[in-house]
Amino acid sequence: MKLNKYYDDLKDSYLFHTVAVKTAEYVKKNPDKRIIKLGIGDVTRPLPAACVEAMKNACDEQLTAGGFRGYGPYEGFDFLREAIAAYYARRKTRVGEHEIYVSDGAKSDIGNILDLFDRDNTVLVPDPVYPVYVDTNVMCGRKVIYAEADEKNGFLPMPDESISADLIYICSPNNPTGAAYTRKALGEWVKYAKEHNALILYDAAYEAFVTDGDLARSIYEIDGARECAIEFCSFSKNAGFTGERCGYCVLPDELTVNGKKLADMWLRRQSTRYNGTPYIIQRGAEAALTDEGQAQIKENLDYYKKNADMIGDCLDDLGIYYTGGVNSPYIWLKCPDNMGSWEFFDLLLNECQVVGTPGEGFGECGKGYFRLTSFNTHENTAEAAERIRARFGK
Ligand code: MLT
């Protein structure tokens, strides 16, 4: 038997696993210390009441012969696909319900979509970015090249003729930097993809955090994107479904490669390997898109925005450079005193008992940077800010 040799090319462990292990080791050695986690982007607000109510009703249905559901459709239930299409339509973005494929989350889809593509493709990944894009491609031996994001380009790399890539990842608002493309800038990427026969894999998991009007919330706001982009989205960061698991991707009708429709390949892949997101969860997701659900989600997002402001105020007071936290739940800061990002991670953990995510874990360009999330409670965020102020204040 031979093992997948490309696993040897991966880092030893997934970024957030390494952070969790280091944190657990510290807690074991220091049981009396109270840790505050501003690391992984997991939410803390309870689920929107509308979602819980819908899931309870869906549970009750399972007690009746008429309401019981077994396997659902591979593409997702029509009621949820219709609700998602309507969610786009309210933003004047055209997405057909038949083009939407429901899943257990954007992370799974982003990795699984790679089944459709030959290993012999070159992948362009922004650096820094969500490590799943790189790791899933390394696992199958695909060549990965990087578009460097830094303070000079506002952490928003743009296409240029030196790039030669078949698959292009874009995450906007970006995880980890919080930077988000305007429609105009995204238009440049769509133009590039069409001219070079490349496909954009667009991660819109954080679209609900966008407040600035000139920023795109979907790549399909851009003319021509339906011919060159797949969009991935999630109920995790808006409706708080990190534990419930529900997401979706959009494969427009126009998306064909050598006459083959990508949506047909995706359905073939999903129906072979996946039995669908639970009915109860899909009912919860549907409720997230109702007016009531959206109002409750807005309350939660406003709550997290207040946390981002608290962290931002703290960094302003300390004169520490940062970006993000406005159209994004993430604050991306420069480690003080020219510290390395893992060095800063250790210092924050040991001296402030605050857990963040080292920028280096998101790519080479993340060296010397650090990510904090706004997803904790007000109380914990305020206390973390106080501890950081006390440690770094002059
Ligand atoms: C993050 O912290 O970057 C995210 O929570 C990871 C994820 O969504 O899988």
Side-chain angles (χ1 to χ4, degrees), residues 1-22 39-41 101 103-149 157 159 162-171 174-176 193 196-203 205 228-232 234 245 247 249 251 255 257-258 260 262 264-275 341-342 345 357-367 371:
M1 191 207 17
K2 286 186 182 165
L3 293 176
N4 181 344
K5 64 181 183 209
Y6 300 114
Y7 273 59
D8 293 341
D9 300 333
L10 289 167
K11 290 190 186 126
D12 282 348
S13 120
Y14 179 56
L15 171 62
F16 295 105
H17 183 237
T18 310
V19 168
V21 168
K22 274 178 166 273
I40 193 163
Y101 295 81
S103 71
D104 65 344
K107 178 180 182 176
S108 316
D109 283 351
I110 284 166
N112 294 337
I113 199 77
L114 297 175
D115 279 4
L116 273 49
F117 306 102
D118 193 281
R119 189 168 69 80
D120 192 19
N121 279 302
T122 298
V123 173
L124 179 74
V125 173
D127 178 2
V129 88
Y130 184 39
V132 168
Y133 310 160
V134 173
D135 287 358
T136 50
N137 279 288
V138 170
M139 279 174 183
C140 57
R142 203 168 280 119
K143 182 177 170 195
V144 179
I145 58 172
Y146 297 91
E148 291 185 3
S162 70
I163 296 171
S164 174
D166 306 295
L167 298 172
I168 298 171
Y169 286 84
I170 296 178
C171 178
N174 177 276
N175 176 9
H196 295 78
N197 283 325
L199 178 75
I200 295 175
L201 301 176
Y202 188 79
D203 185 349
C228 66
I230 299 176
E231 178 157 301
F232 301 88
S234 163
R245 306 308 309 151
C249 60
L251 290 103
L255 220 48
V257 177
N258 300 331
K260 238 181 147 63
L262 293 192
D264 292 344
M265 285 179 77
W266 179 241
L267 181 58
R268 186 71 181 81
R269 191 260 171 222
Q270 289 296 79
S271 51
T272 305
R273 292 184 184 260
Y274 186 59
N275 266 335
S341 27
W342 282 106
F345 173 88
T357 311
E360 196 174 333
F362 298 97
E364 281 293 297
C365 294
K367 279 186 170 163
R371 193 193 79 176

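Quick caveat: nothing in here was measured; it's all calculated off a predicted structure.
F362 meets the ring-ring contact (aromatic ring centres under 6.0 Å, His included) test with no other residue; sequence neighbours excluded. Evaluation of the ring-ring contact (aromatic ring centres under 6.0 Å, His included) rule for Y14 yields F16 as partners, not counting sequence neighbours. Residues passing the side-chain contact (heavy atoms from CB on, under 4.5 Å) test with A198, sequence neighbours excluded: I168, A193. With sequence neighbours excluded, the residues forming a side chain to side chain donor-acceptor pair (under 3.5 Å) with R269 are N112, D115, listed by chain and number. The ring-ring contact (aromatic ring centres under 6.0 Å, His included) search around H17 returns none, not counting sequence neighbours. The salt bridge (Lys or Arg N to Asp or Glu O under 4.0 Å) search around K107 returns none, not counting sequence neighbours. A search for side chain to side chain donor-acceptor pair (under 3.5 Å) contacts involving D135 returns nothing, not counting sequence neighbours. With sequence neighbours excluded, the residues forming a side-chain contact (heavy atoms from CB on, under 4.5 Å) with A149 are P128, N153, F155, P157, listed by chain and number. In this structure, the side-chain contact (heavy atoms from CB on, under 4.5 Å) partners of P159, at least two apart in sequence or on a different chain, are E188, W189, Y192.
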Could you walk me through whether Y133 and D203 pass side chain to side chain donor-acceptor pair (under 3.5 Å), step by step? CA-CA 10 Å; Y133 310 160; D203 185 349; 2.6 Å; yes
Under the criterion side-chain contact (heavy atoms from CB on, under 4.5 Å), I'd like the reasoning laid out for L255 against I230: C-alpha separation, chi angles, the key distance, then a yes or no. CA-CA 8 Å; L255 220 48; I230 299 176; 3.4 Å; yes
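Screening residues 5-21 for salt bridge (Lys or Arg N to Asp or Glu O under 4.0 Å) gives no qualifying pairs among residues at least two apart or on separate chains. Listed by first and then second residue, the side chain to side chain donor-acceptor pair (under 3.5 Å) pairs involving residues 137-149 are N137-R142, N137-Y169 (not counting sequence neighbours). For the side chain to side chain donor-acceptor pair (under 3.5 Å) condition, the pairs that include at least one residue of residues 116-132, sequence neighbours left out, are Y6-R119.
Using a 4.5 Å cut-off on side-chain heavy atoms (C-beta onward), L262 and L199 make contact.
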